[in-house]
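Worksheet: one structure, shown below.
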Number of protein chains: 2
Amino acid sequence: MPKLEDVAKLAQVSKTTVSRVLNRRGYLSKETIDKVNQAVKELNYHPNVVARQLYNNKTDLIGLLFPTVANPFFGELTANLEHYLYQKGYKVLIGNSINDPQKEADYLDQLLVKQVDGLIVGTHNQGISQYHNDNLPIVAIDRVMNQDIPIIASDNYAGGKLAVEHLLVQGARKIIHINGPQELATPAQKRRAAYEDVMHDHHLQPITYEVDFNISNTDKLKVFRQIFVEHPDVEAIFASNDLDAALIMQIARERRLRVPRDLLLVGYDGTQTVQSVWPQLTTVIQPIEFMAQKAVTVLQNRLHNQATQSEYLLPVQLHVGTTC
Amino acid sequence: MPKLEDVAKLAQVSKTTVSRVLNRRGYLSKETIDKVNQAVKELNYHPNVVARQLYNNKTDLIGLLFPTVANPFFGELTANLEHYLYQKGYKVLIGNSINDPQKEADYLDQLLVKQVDGLIVGTHNQGISQYHNDNLPIVAIDRVMNQDIPIIASDNYAGGKLAVEHLLVQGARKIIHINGPQELATPAQKRRAAYEDVMHDHHLQPITYEVDFNISNTDKLKVFRQIFVEHPDVEAIFASNDLDAALIMQIARERRLRVPRDLLLVGYDGTQTVQSVWPQLTTVIQPIEFMAQKAVTVLQNRLHNQATQSEYLLPVQLHVGTTC
DNA sequence: TTATTTATGACAACCGGTTGACATATGGAA
DNA sequence: TTCCATATGTCAACCGGTTGTCATAAATAA
């Protein structure tokens, strides 16, 4: 692997001159520029990125910490984040933390140390202390970290309201909601608040099941089956996300419940993948692309020490399919 | 951000000793070890990764170049790759190249230069020349690059055969296949070969539509609608992948064709996402996790200069749903 | 003719950690 | 008493660039 010195030798100029040509600084004649470029091409020389990173004290890398890109919501989010970050000259390092707080802490430990210039996080684990780090600009998506870390989220309260009110309009009364554990501080809890508010407004009893996002589908199915055992008269379910809605659908089939006749179903997220494969699902669409764009903008503000708000709420949209 | 020297000062030892403690080499007394560790903790010191990378001439980063993690196949593949790579001590840098050969070339240019220790690629663009690079270990997934680059793929021929033979058993005769452009050298072309072989064996006329993986859903829908215009008597479609199958399904609904009564449909990939959301789809399941694991193993062999085969074929499985 | 701009080189410090060479001191074993 | 393993320090080179300081020389302008 050729280095700067080799280029200098071949072009018969000094290291300094080569560096000047590559970085366009100082006075340079056309001839030397050509000579150097010629040598660069001949040797197929590329400056060593790591050496530059060391001197410049930045890597142009942004870390993304999310549960898993196997989930279409995080997959699409990651794809969009990568897109916008690439436009700004950053590359993307990913860390999937699903179900493994140790792994998340590990990643943090390593990334916080000059490996990345900034971090965008949306993990679902609790009690990671390293986030209290002033050195590294961090932005959270759909996750409450601490005061210093700005949050990008869709308008979960509005989304919850849209979903529940739609269910009520469709005539459902016994509506059950699924959400993550309350200890986990996520903006998604606002859907629960919306759900409970709307139910109370209609003098209905809210019933919320708390299900950990990280558990396996098999375990989720067990919990969801329990819902139908404990509430055989359930008329509608407002699920945490579209994949959970799919599991509910699976159970509905097991129990020979026809959707929407016997059971109404609303999901959440509205990823393009699920929209494409299961357009019948009524769901609340989060503006994934917009969230990614906003996260990148806010992160860049942080990187440039510009002021940012502590929270950014983006609008959601109800997609009405045939499941309710 | 504290550096090694600061730790040395605080612990009242030399830089060398600190380095010795951190890297466990040479003779060390328990007291100094404790003193150093104490100072490390007190300062919250972490060695600068980039400096280490420069000296060691490796980054412990592996680049993943795929079309987009927004697609569940690549999302799940990426998640699995990340999992296995993490286990081996590598971090993951992603690059999504969809629909943008320039971006792919860009990534390559930058990653080939000591930014990553190795590369796993599965992009769908053509004519990228930089892959002829001897410096960097590369492994390809489901993509033919050049002789030096080992390929991990599922058994596409067997998969194609399974799908088509199942369609025939179900009574279909006019079966249309969708695949990528033939110029694009991918193992997926073997499905086409299998399809055409089986059709010929049954004295049936194979009809293959070539559709670029990278085009938008809107454009794909246009092409797929054309299929039904040109072949109104089509009885079955063997799609390139599950998402394409979903689009076909959409068109079937438009045309009031009932699946499987009026149209049989087989997909390809069998991602957990699609399996979960649309279990009714009959499809060929690629062993994504196994492919990821194999890719990581083979890459590591390359990294350690151990011999590797030029191709690894992994078994597929037919999932029979209700779409055929 | 003199001053200034343009063009290039040599050199060293620096980014932050790693490593080898060499010196030195202590304690216990032979 | 001598020898050696143990324990720590100093110093400098190195990884591969970047940048500032000085020096030098030719070309151009005043």
Side-chain angles (χ1 to χ4, degrees), chain A residues 1-40 43-61 109-117 135-136, chain B residues 1-40 43-61 109-117 135-136:
Chain A
M1 183 122 287
K3 44 162 127 174
L4 190 134
E5 212 178 325
D6 303 322
V7 177
K9 252 180 224 149
L10 184 62
Q12 307 191 54
V13 295
S14 71
K15 272 178 63 180
T16 311
T17 303
V18 176
S19 181
R20 280 187 189 133
V21 172
L22 296 177
N23 299 296
R24 288 152 234 266
R25 45 172 64 243
Y27 297 114
L28 291 166
S29 71
K30 186 153 183 333
E31 292 107 280
T32 26
I33 295 180
D34 290 345
K35 261 198 303 185
V36 170
N37 284 333
Q38 171 61 25
V40 164
L43 293 171
N44 190 26
Y45 168 80
H46 295 269
N48 182 309
V49 183
V50 176
R52 273 196 175 151
Q53 289 176 345
L54 180 58
Y55 184 85
N56 296 130
N57 201 27
K58 64 182 189 117
T59 58
D60 291 327
L61 282 177
D109 251 6
Q110 297 180 47
L111 297 187
L112 290 176
V113 192
K114 297 277 125 207
Q115 168 101 275
V116 295
D117 292 346
N135 300 310
L136 198 69
Chain B
M1 185 123 284
K3 44 163 127 173
L4 190 133
E5 211 178 328
D6 303 321
V7 177
K9 253 180 224 150
L10 183 62
Q12 307 192 54
V13 296
S14 72
K15 273 177 63 180
T16 309
T17 305
V18 176
S19 181
R20 280 186 190 136
V21 172
L22 296 178
N23 298 297
R24 290 152 230 270
R25 46 171 62 242
Y27 297 114
L28 291 165
S29 71
K30 187 155 183 329
E31 292 107 279
T32 25
I33 293 179
D34 289 345
K35 262 199 302 184
V36 170
N37 285 332
Q38 170 62 25
V40 164
L43 293 172
N44 191 27
Y45 168 80
H46 295 269
N48 183 310
V49 183
V50 175
R52 271 194 177 156
Q53 288 177 345
L54 179 58
Y55 185 85
N56 296 130
N57 200 28
K58 65 182 189 115
T59 58
D60 291 329
L61 281 177
D109 250 5
Q110 298 180 46
L111 297 187
L112 290 177
V113 191
K114 296 278 123 205
Q115 168 101 275
V116 294
D117 292 347
N135 299 310
L136 198 69

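The figures that follow rest on heavy atoms only: side chains count, while hydrogens, waters and symmetry mates do not.
Proximity of His46(B) to Leu112(A): side-chain heavy atoms (C-beta onward) are nowhere separated by under 4.5 Å.
With sequence neighbours left out, Ser19(A) forms a side-chain hydrogen bond (donor to acceptor under 3.5 Å, both in side chains) with Asn23(A). Every residue two or more places apart in sequence or in another chain that forms a side chain to side chain contact (heavy atoms under 4.5 Å, CB included) with Asn56(A) is listed here: Arg52(A), Lys58(A). With sequence neighbours left out, Leu61(A) forms a side chain to side chain contact (heavy atoms under 4.5 Å, CB included) with Thr59(A), Lys91(A), Leu93(A), Val116(A), Leu61(B), Leu93(B). By the side chain to side chain contact (heavy atoms under 4.5 Å, CB included) test, Val13(A) is found to be paired with Ala11(A), Thr17(A), Val18(A), Thr32(A), Lys35(A), Val36(A), residues two or more places apart in sequence or in another chain being considered. Considering only residues two or more places apart in sequence or on other chains, Lys15(A) meets the salt bridge (Lys or Arg N to Asp or Glu O under 4.0 Å) condition with none of them. Taking Asn57(B) as the reference, nothing meets the side-chain hydrogen bond (donor to acceptor under 3.5 Å, both in side chains) condition, with sequence neighbours excluded. Evaluation of the side chain to side chain contact (heavy atoms under 4.5 Å, CB included) rule for Asn37(A) yields Val21(A), Ile33(A) as partners, not counting sequence neighbours.
When the local axes at the two ends of the helix from dT1(C)-dA30(D) to dA30(C)-dT1(D) are compared, using 5 base pairs at each end, they differ in direction by 40° after rounding to 10°.
Atom CG in Leu28(A) sits about 13 Å away from atom C1' in dG9(C), given to the nearest Å. Rounded to a whole Å, the CG atom of Asp34(A) is 15 Å from the C1' atom of dA7(C). Here the P atom of nucleotide dT6(C) and the OH atom of Tyr27(A) are 4 Å apart, to the nearest Å.
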In 5'-to-3' order, the base (B), backbone-only (S) or no-contact (-) status of each nucleotide in nucleotides 15-26 of chain C, using a 4.0 angstrom heavy-atom cut-off, is BBBBBS------
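Residue Gln12(A) is classed as a sugar-phosphate contact, given heavy-atom separations below 4.0 Å to backbone atoms only.
OP1 or OP2 of dT8(C) has at least one side-chain nitrogen or oxygen of Thr32(A) nearer than 4.0 Å.
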